[in-house]
**Student:** 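Please see the structure below; I have some questions.
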4 protein chains.
Amino acid sequence: MPTDTFTNLPIEKRNLILHLAIEEFAGHPYHAASISNIVREAGIAKGSFYQYFADKKACYRYLVEMATKEKLNIVTEIPAPDPGCDLFGYLRWQFLTQVHFELTRPRLAQILYRAFIEDIPFPDMAEELRRRGTTQFFKQLLSQGILHGTVAPWVDPDVAAFLTEVIFYQFGKYFIERLSLTKDDFTSHAIYDRQDVQALLTSLMDILEAGIKRNPNQQANYLRVN
Amino acid sequence: MPTDTFTNLPIEKRNLILHLAIEEFAGHPYHAASISNIVREAGIAKGSFYQYFADKKACYRYLVEMATKEKLNIVTEIPAPDPGCDLFGYLRWQFLTQVHFELTRPRLAQILYRAFIEDIPFPDMAEELRRRGTTQFFKQLLSQGILHGTVAPWVDPDVAAFLTEVIFYQFGKYFIERLSLTKDDFTSHAIYDRQDVQALLTSLMDILEAGIKRNPNQQANYLRVN
Amino acid sequence: MPTDTFTNLPIEKRNLILHLAIEEFAGHPYHAASISNIVREAGIAKGSFYQYFADKKACYRYLVEMATKEKLNIVTEIPAPDPGCDLFGYLRWQFLTQVHFELTRPRLAQILYRAFIEDIPFPDMAEELRRRGTTQFFKQLLSQGILHGTVAPWVDPDVAAFLTEVIFYQFGKYFIERLSLTKDDFTSHAIYDRQDVQALLTSLMDILEAGIKRNPNQQANYLRVN
Amino acid sequence: MPTDTFTNLPIEKRNLILHLAIEEFAGHPYHAASISNIVREAGIAKGSFYQYFADKKACYRYLVEMATKEKLNIVTEIPAPDPGCDLFGYLRWQFLTQVHFELTRPRLAQILYRAFIEDIPFPDMAEELRRRGTTQFFKQLLSQGILHGTVAPWVDPDVAAFLTEVIFYQFGKYFIERLSLTKDDFTSHAIYDRQDVQALLTSLMDILEAGIKRNPNQQANYLRVN
DNA sequence: CATGAATGAGGGTTCATTCAT
DNA sequence: AATGAATGAACCCTCATTCAT
């Protein structure tokens with residue numbers, strides 16, 4: 001999405017501009033993010049910016065795609081899940097990855113967060129985000145969990161997927177705030193090795209598992225209001 | 001937050017302005033919401049608007065407070081929970097109230113949703129929203145649940161509160177979309193009486209209860225990644 | 001097309017702005033005409049201009065409509081044609097009116113001239129100009145001339161109308177340049193009373209009449225090239 | 001006007017650039033024509049363009065001169081007029097040449113058309129165009145016509161030249177539209193051989209001749225307004 | 001000789017806000 | 001109390017042109 005002009009830029013300059021653009025779009029809703037700000041802080045001419053990106057939207061889209069890719073790349077920085085693990089082991093690993101992402105790339109994570117949660121003024125792009133987003137992913141994961149007998153058969157997979165997804169989007173911020181994590185807990189494996197993170201994650205997973213995992217002795221009581 | 005001038009306005013005019021302001025702030029992120037739009041559609045002078053509200057922020061804050069109050073008032077429109085019901089009965093009732101709110105006052109609900117989910121450019125206001133918001137409420141609720149033995153003792157009440165809260169904020173939209181609810185399912189009790197709503201809510205509560213309710217036979221297996 | 005804000009402006013201010021806008025759009029092709037110029041010279045804020053006109057196009061359209069109306073109004077300033085006169089008497093009167101218009105309202109005339117002759121970037125507006133323009137008018141005039149026997153029957157009315165129209169659009173500038181007419185030949189009737197104008201007009205009409213007027217003795221020799 | 005650098009360019013590249021420049025300046029008023037467009041479509045560097053032409057004006061001027069020359073060259077593509085033909089035979093031939101030019105080189109013709117009809121922002125260039133343009137040519141032609149007795153002595157040669165010129169500039173578009181001519185009526189002689197073109201041209205010439213040709217029986221009635 | 005990044009003035013437009021009437 | 005004209009900074013974006021490589 002950026003032009004070749006941008007791609008061919010000296011890496012330092014390119015990174016400076018990217019950094020400032022990321023800060024701007026992470027720090028403000030799309031409408032409040034200002035190209036003028038970016039160029040002012042980058043010390044480049046307005047015209048230059050528009051030789052790098054066709055327009056504000058193109059720049060924004062690029063950042064979102066960048067964040068998406070970065071999120072995929074990040075998996076290598078966290079030990080892979082036990083190949084034999086079940087759905088919940090896998091989910092736990094997903095969650096760890098997410099915290100790691102939010103902690104090591106907080107601005108990119110914030111841009112993705114905004115892209116999902118706020119209105120962006122480009123219906124096509126919003127549509128694409130949803131499609132490639134996590135909703136389908138979680139839905140399939142949970143459906144398979146039922147088939148495989150990992151998930152209790154009485155669980156509505158759609159509801160379970162909804163639950164998992166909303167937690168997935170929000171728990172990172174919760175962890176970071178509750179454990180006062182900072183960017184300085186940065187080095188690779190850092191998250192994975194921290195006892196407090198693992199403990200908190202266990203608390204969360206315990207509830208999730210108790211909620212949806214198959215368990216012969218477990219049977220919900222259907223309460224009715226009034 | 002509005003001036004006396006506004007308060008003393010003939011009710012019709014006041015309502016018109018409020019209605020249009022609600023539409024504007026519900027329909028757009030704060031920065032994209034436009035006072036010019038409001039006054040144009042209301043057919044009032046720009047200056048008049050600024051005699052009703054000190055500025056854009058004051059208007060916005062008022063709407064948020066309005067929505068908050070309205071949400072409190074709404075409880076009368078839904079049958080009260082069984083006085084003897086436990087935490088989960090009470091939660092179920094809370095959730096029902098929330099769907100009812102989102103369905104009967106969709107614009108106000110949307111404003112509140114935006115206020116929590118998007119940045120608003122006023123740190124003080126954001127802070128206040130959090131403080132008066134639901135976080136504390138759910139935390140206390142869950143803590144008491146543990147004390148009373150309704151909630152499994154191994155549950156971290158903070159985590160459970162976090163879970164409940166994020167679900168609480170998002171499930172309304174999920175219900176509305178999944179059940180294709182419209183404003184026309186509007187009359188009082190409507191939500192309460194709909195089988196599909198109750199059934200879906202049950203699916204959700206079942207998972208929540210299974211996740212955190214005390215149950216002698218229930219014991220989470222602590223999975224570890226690898 | 002201008003807003004009420006503009007309409008309600010003190011007449012002096014309104015006229016100043018109109019004057020400067022007319023100068024700008026008469027003096028430059030649409031793309032080169034600059035709102036910034038207008039406001040700078042008017043000494044008003046840019047924002048003010050946009051309270052008067054929705055956008056550049058609206059301002060331009062208004063000027064074109066103004067010029068069109070003014071051209072219609074102007075007929076009262078020239079003695080009416082002899083009620084019994086024939087097509088050519090009427091055409092002569094039309095031409096006189098046109099010179100008068102171009103001389104007394106040169107900038108408005110220039111705006112109309114541009115509107116017909118240059119590309120304007122609004123297809124709809126161009127279309128409307130053509131429709132309401134002179135093409136149809138001259139076509140009907142000449143067709144009727146043939147019916148009434150004023151025009152020679154061998155004349156193609158379409159071609160004659162084309163001829164009349166292109167002359168009509170261009171001869172004003174020709175007159176003004178050839179006779180060195182200036183705005184100071186301004187007073188009402190001035191054009192009508194000037195011998196040189198009438199003489200030149202006669203020269204023009206003579207040719208036109210000789211070209212298309214019915215005349216028993218007149219018969220074109222059909223020349224062929226080679 | 002282009003630099004030697006441009007002249008020495010491989011002919012294909014040169015033609016590509018010329019072609020695109022012609023398209024741009026034919027398709028848009030001078031101010032709306034964009035060098036950026038040209039270089040983008042040509043796939044050359046911006047800097048290269050400025051090594052071929054000093055600036056936008058130089059490029060434009062070159063195209064105008066090119067079109068002028070091409071128009072002179074074109075005469076060889078149409079059968080020469082009968083050497084013994086009179087002024088009107090010659091004019092007819094001129095007109096044919098003009099239609100041929102507009103039809104076979106529509107973009108160049110359009111550039112010339114714009115150059116005469118629109119303002120170009122270079123007074124000197126405009127001046128030169130007028131001087132070398134057709135005005136003097138037609139004036140001399142008509143004056144000689146009077147001397148030779150081909151043109152009626154009562155005809156003002158200046159007025160007749162003006163008439164001829166405005167027709168000359170506009171009738172090509174009229175013909176093309178009325179006869180729905182397209183570039184595909186393209187091959188040499190095509191125009192010359194088409195019956196409809198010849199017939200329409202005859203209609204036009206008939207009027208012109210009737211208007212200004214010497215004819216013993218012809219005498220205009222001098223009409224006066226009222 | 002070609003390149004293409006850099007420029008910055010200028011374009012049209014919108015905005016929240018003020019203040020004299 | 002209501003008005004609505006005035007403001008001007010800020011917005012996104014385009015342009016012809018330059019110049020170091």
Side-chain angles (χ1 to χ4, degrees), chain A residues 3-6 8-10 13 31-40 43-59, chain B residues 3-6 8-9 13 31-40 43-59, chain C residues 3-10 13-14 31-40 43-59, chain D residues 3-6 8-9 13 31-40 43-59:
Chain A
T3 62
D4 288 350
T5 305
F6 185 66
N8 297 336
L9 234 42
K13 187 169 188 178
H31 281 101
S34 153
I35 303 299
S36 297
N37 258 359
I38 297 174
V39 301
R40 187 183 315 117
I44 62 173
K46 265 239 185 95
S48 297
F49 182 89
Y50 283 90
Q51 291 212 338
Y52 306 150
F53 298 98
D55 51 21
K56 187 182 181 179
K57 177 181 176 179
C59 174
Chain B
T3 60
D4 288 350
T5 308
F6 184 66
N8 296 335
L9 233 41
K13 186 169 186 180
H31 280 97
S34 151
I35 302 299
S36 299
N37 260 359
I38 297 172
V39 300
R40 184 184 317 121
I44 63 171
K46 271 253 181 78
S48 298
F49 183 91
Y50 281 87
Q51 280 194 315
Y52 305 150
F53 298 99
D55 51 19
K56 188 180 182 181
K57 176 181 173 180
C59 173
Chain C
T3 62
D4 289 349
T5 306
F6 185 66
T7 315
N8 297 337
L9 235 40
K13 187 169 188 177
R14 204 169 71 220
H31 280 100
S34 154
I35 302 299
S36 297
N37 259 358
I38 297 174
V39 301
R40 188 183 314 117
I44 62 172
K46 264 236 186 100
S48 297
F49 181 90
Y50 282 88
Q51 291 214 342
Y52 306 150
F53 299 97
D55 50 21
K56 187 182 181 180
K57 177 180 175 180
C59 174
Chain D
T3 61
D4 289 347
T5 309
F6 184 66
N8 296 333
L9 233 42
K13 186 169 185 180
H31 280 97
S34 151
I35 302 298
S36 299
N37 261 358
I38 297 172
V39 301
R40 185 185 317 120
I44 63 171
K46 272 252 181 77
S48 299
F49 183 91
Y50 281 89
Q51 281 193 316
Y52 305 150
F53 298 99
D55 51 20
K56 188 181 183 180
K57 176 181 173 180
C59 173

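Below, chains carry the letters A, B, ... as their sequence lines are ordered, and counting in each starts from 1.
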**Student:** Heavy atoms only: give me the nearest C:A54-C:A58 pair and the separation to one decimal.
**Tutor:** N-CB, 3.9 Å
**Student:** Looking at F:dA1, E:dA5, F:dC12, which one has an atom nearest to any side-chain atom of B:T5?
**Tutor:** F:dA1
**Student:** Reckon C:A58 touches a base, only the sugar-phosphate, or nothing at all at heavy-atom distances under 4.0 Å?
**Tutor:** nothing
**Student:** Within the 4.0 Å heavy-atom criterion, would you say D:L9 contacts the bases, only the backbone, or no part of the nucleic acid?
**Tutor:** sugar-phosphate
**Student:** Specify the separation, in whole Å, of atom CD1 of B:I35 and atom P of E:dT18.
**Tutor:** 12 Å
**Student:** F:dT17 P sits how many Å from D:Q51 CD, rounded?
**Tutor:** 15 Å
**Student:** Between CZ of D:F49 and CD1 of D:I38, what distance do you get to the nearest 0.5 Å?
**Tutor:** 5.0 Å
**Student:** Base, sugar-phosphate, or nothing for D:D55, non-hydrogen atoms under 4.0 angstrom?
**Tutor:** sugar-phosphate
**Student:** B:A32 near the nucleic acid: base, sugar-phosphate alone, or nothing, with a heavy-atom cut-off under 4.0 Å?
**Tutor:** nothing
**Student:** Mind checking if C:S48 touches a base, just sugar-phosphate, or nothing, with heavy atoms under 4.0 Å?
**Tutor:** base
**Student:** Treat a base pair as Watson-Crick or G-U wobble with both distances under 3.5 Å, then lay out DNA chain E in dot-bracket form, 5' to 3', with | for cross-strand pairs.
**Tutor:** .||||||||||||||||||||
**Student:** Expressed as a whole number of angstroms, how long is the span from A:K46:NZ to F:dC11:P?
**Tutor:** 7 Å
**Student:** Between C:H31 and B:S36, which has a closest nucleotide on DNA chain E that is more 5'?
**Tutor:** C:H31
**Student:** Which pair of non-hydrogen atoms, one from B:Q51 and one from B:T5, has the smallest distance, and what is that distance?
**Tutor:** O-CB, 3.6 Å
**Student:** At under 4.0 Å, does any side-chain N or O of B:S34 touch on OP1 or OP2 of E:dT14?
**Tutor:** no
**Student:** Considering all heavy atoms of both residues, which atom of A:K56 and which atom of A:A33 are nearest to each other, and what is their separation?
**Tutor:** NZ-O, 2.9 Å
**Student:** Does the side chain of D:I44 come within less than 4.5 Å of D:Y52's, by heavy atoms?
**Tutor:** yes
**Student:** B:F53 and B:T3: which non-hydrogen atoms are nearest, and at how many Å?
**Tutor:** N-CG2, 4.5 Å
**Student:** Taking only N and O in the side chain of A:Y52, is any of them less than 4.0 Å away from OP1 or OP2 of E:dA5?
**Tutor:** no
**Student:** Take atom CZ of B:R40 and atom C1' of E:dC15, then tell me their distance rounded to the nearest Å.
**Tutor:** 11 Å
**Student:** For A:P10 and C:N37, find the nucleotide of DNA chain E closest to each by heavy atoms; which residue's nucleotide sits nearer the 5' end?
**Tutor:** A:P10
**Student:** What is the distance, to the nearest angstrom, from the CZ atom on B:F49 to the P atom on E:dC15?
**Tutor:** 14 Å
**Student:** Quick one: pull up CZ in C:F6 and SG in C:C59 and give me the separation to the nearest 0.5 Å.
**Tutor:** 8.0 Å
**Student:** Figure out the CZ/C1' separation between A:F53 and F:dT14, and round it to whole Å.
**Tutor:** 18 Å
**Student:** How do C:A45 and A:Y50 order along DNA chain F: which one's closest nucleotide is nearer the 5' end?
**Tutor:** C:A45
**Student:** For a quick test of reading the model, state the closest non-hydrogen atom pair linking B:S36 to B:V39 and the distance between them.
**Tutor:** O-CG2, 3.3 Å
**Student:** For B:I44 and for C:K13, find the nucleotide of DNA chain F with the closest heavy atom, then tell me which residue's nucleotide is more 5'.
**Tutor:** B:I44
**Student:** Between C:D4 (CG) and F:dA5 (P), how many Å, whole number?
**Tutor:** 8 Å
**Student:** Output the rounded distance in Å from NZ (B:K56) to C1' (E:dA16).
**Tutor:** 8 Å
